[in-house]
Colleague: 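One structure is given below, represented as structure tokens, and several questions about it will come after.
In this chain, residues are counted from 1 in sequence order.
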Amino acid sequence: MIRNDAQLFHAEQMYGVGVDIGGTKIMILIANQAGDIVYRKKVNTSSVFDVITEHITECLREAAISQEQVVAMGFGVPGITNSEEGIVIEAPALRWNHVPFRERMQQYFDKPIFVDNDVNCTALGEKWLGSAQNSGDFIVVAIGTGVGSAIMVNGSLVKGSNHMAGEVAYLVVEQDVFGDGANAFGDFGQFEKKVSGVALSKYGALPQVLFERYARGDEKSTTIIQQFVIDLSIGIANMVSLLNPEKVILCGGVAQSLSPVLEHIRSTVSSLTPIPTLVELTSIGEEAGAIGAAALAFEKVGYELKKGNGHENAYRKQLPRNVATSGRIDYSSS
């Protein structure tokens, strides 16, 4: 049997599979330990294991990578996870409650399987190939439909005694106490009700549209976005005062629209806390969670992560021409 160039290129490589299971999409990514991303695919989300695993199998097949070349698989899940035992404690968006994720997934793949909260995976992605490559102390704040965070201290993720560290959706300020300030699992938290995609959508337009109108000087949108900036900055300033991170990285669907107000956020945060920090937007976008899930997989089985050519454009340059142009890496999807 004659193997094509792509197969020959992959033959001696070993890979990690990273899967970010979100509320609306699943991002599947295959990378080697040098951080070269050889394949990625985004599909509609599902909570059905048969569907998720079929997508992964299809990606491996399309990438011409055998399961023997996969050292481990990592998964990010939008909810509370016990990563040590491989259990998803609660993931409301997927309607999962105390799901033995590792055990279920190993019925499909005879590989080491690891699972963690999706924002924790995003932090690992930022640490490996993103904005935090040279930082051991940082916070990731994910602003999408809801709000979550991950905390990295001295190079390690902070998990908390009940695997709930970073649940910033439940942050409160004084007016929350005197208003309807109750926080409960399963409900949007008080902070989340101010700075999430759901919070902004209550004004009758998508968050992206509100930011576009703000940039054009629309008066109503300006009032909404200015209040959003204040509320977000209060939360960030409190996190900075408590944890003294080198930087705070903003990611998620809403964060993709924050460029016009980033300087305003920075100046507001600096006015609310004397502790210095850098506030940045993610440099690896929606792939951060899947990259981090792959990093989780490599690290858990003892592979040292390297930072060679890094993200996709550098990798495209080193690929054989027919691989780079074959459509196996879809650069238009990010």
Side-chain angles (χ1 to χ4, degrees), residues 18-27 29 42 45 74-81 83 90-94 115-132 135 138-152 157-160 163-171 188-201 207-208 211 228-229 231-233 235-236 238-240 243 245 247-259 261-262 265 269 277-293 295-296 334:
V19 184
D20 182 9
I21 306 173
T24 59
K25 54 86 178 175
I26 298 173
M27 179 68 75
L29 181 146
K42 181 168 66 174
T45 199
F75 294 81
V77 173
I80 300 169
T81 64
S83 57
E90 182 185 46
L94 302 173
V115 61
D116 207 335
N117 169 267
D118 56 348
V119 189
N120 283 345
C121 285
T122 296
L124 294 175
E126 295 289 349
K127 176 68 175 171
W128 187 18
L129 299 179
S131 302
S135 177
F138 63 94
I139 299 170
V140 171
V141 180
I143 312 169
T145 304
V147 177
S149 79
I151 303 162
M152 187 79 73
L157 283 169
V158 176
K159 299 294 188 71
H163 315 285
M164 298 181 189
E167 294 291 337
V168 294
Y170 303 119
L171 292 177
F188 273 70
Q190 293 301 313
F191 185 57
E192 206 165 29
K193 291 176 181 177
K194 301 166 190 167
V195 301
S196 64
V198 166
L200 289 174
S201 295
Q208 179 182 352
F211 281 100
F228 169 91
V229 167
D231 291 330
L232 176 59
S233 299
I236 292 173
N238 286 334
M239 297 178 220
V240 169
L243 296 167
K247 60 178 60 179
V248 177
I249 302 169
L250 306 178
C251 67
V254 174
Q256 294 177 14
S257 300
L258 291 183
S259 292
V261 297
L262 185 58
I265 294 170
V269 169
T277 195
L278 300 173
V279 180
E280 301 178 356
L281 300 180
T282 176
S283 63
I284 48 179
E286 66 177 353
E287 294 182 1
I291 291 171
L296 174 70
S334 55

Colleague: Determine whether F188 and Y170 make a side-chain contact, defined as any pair of heavy atoms from C-beta on separated by less than 4.5 Å.
Modeller: no
Colleague: Minimum heavy-atom separation for P92 to P78, with atom names?
Modeller: CD-O, 4.3 Å
Colleague: Do you know the tightest heavy-atom contact between F228 and L258?
Modeller: CE2-CD2, 3.7 Å
Colleague: To the closest 0.5 Å, what do you measure between OG (S131) and CD1 (I249)?
Modeller: 5.0 Å
Colleague: Which distance, rounded to the nearest 0.5 Å, do you find between the OG of S149 and the CG of L243?
Modeller: 8.5 Å
Colleague: Quick one: does F138's side chain get under 4.5 Å of L278's, heavy atoms only?
Modeller: no
Colleague: Looking only at atom types and distance, does a side-chain atom of S196 sit under 3.5 Å from a main-chain N or O of V147, one as donor and one as acceptor?
Modeller: no
Colleague: Does the side chain of I21 come within less than 4.5 Å of D118's, by heavy atoms?
Modeller: no
Colleague: Write down the atom of V77, the atom of A91, and the distance for their closest heavy-atom approach.
Modeller: CG1-CB, 3.8 Å
Colleague: Quick check for you: to the nearest 0.5 Å, what is the distance between T122 atom OG1 and I284 atom CD1?
Modeller: 8.0 Å
Colleague: Check the pair V254, F211 against side chain to side chain contact (heavy atoms under 4.5 Å, CB included), reporting the backbone distance first and the verdict last.
Modeller: CA-CA 9 Å; V254 174; F211 281 100; 4.1 Å; yes
Colleague: So, taking the atom named CG in D231 and the one named CD1 in I236, what distance separates them when rounded to the nearest 0.5 Å?
Modeller: 11.0 Å
Colleague: Any chance you could lay out the side chain to side chain contact (heavy atoms under 4.5 Å, CB included) test for K42 and E286, step after step, and finish with the verdict?
Modeller: CA-CA 10 Å; K42 181 168 66 174; E286 66 177 353; 3.2 Å; yes
Colleague: Do you see a donor-acceptor pair shorter than 3.5 Å between the side chains of K247 and T277?
Modeller: no
Colleague: What is the minimum heavy-atom distance between G22 and T45, and which atoms define it?
Modeller: O-OG1, 2.6 Å
Colleague: Taking C-beta and beyond as the side chain, do L281 and S259 meet within less than 4.5 Å on heavy atoms?
Modeller: yes
Colleague: Indicate yes or no: at least one non-hydrogen side-chain atom of M239 is less than 4.5 angstrom from one of P245.
Modeller: no
Colleague: About how many Å separate CD1 of I291 and CG of L124, when rounded to the nearest 0.5 Å?
Modeller: 11.5 Å
Colleague: How long is the span from the CG atom in D116 to the CD1 atom in I80, to the nearest 0.5 Å?
Modeller: 12.0 Å
Colleague: Would you say the side-chain atoms of K127 pair up with the backbone N or O of S135, donor to acceptor, closer than 3.5 Å?
Modeller: yes
Colleague: Would V168 and L171 count as a side chain to side chain contact (heavy atoms under 4.5 Å, CB included) here? Give the steps.
Modeller: CA-CA 5 Å; V168 294; L171 292 177; 3.9 Å; yes
Colleague: Show your working on side chain to side chain contact (heavy atoms under 4.5 Å, CB included) between E287 and L29 and close with a plain yes or no.
Modeller: CA-CA 8 Å; E287 294 182 1; L29 181 146; 4.0 Å; yes
Colleague: Looking at A123, is its backbone amide N or carbonyl O close enough to the side chain of E126 to form a donor-acceptor pair, meaning the two atoms are under 3.5 Å apart?
Modeller: no
Colleague: For residues N117 and T81, report the shortest heavy-atom separation together with the two atoms involved.
Modeller: N-OG1, 3.1 Å
Colleague: Less than 4.5 Å apart, any side-chain heavy atom of C121 and any of D20?
Modeller: no
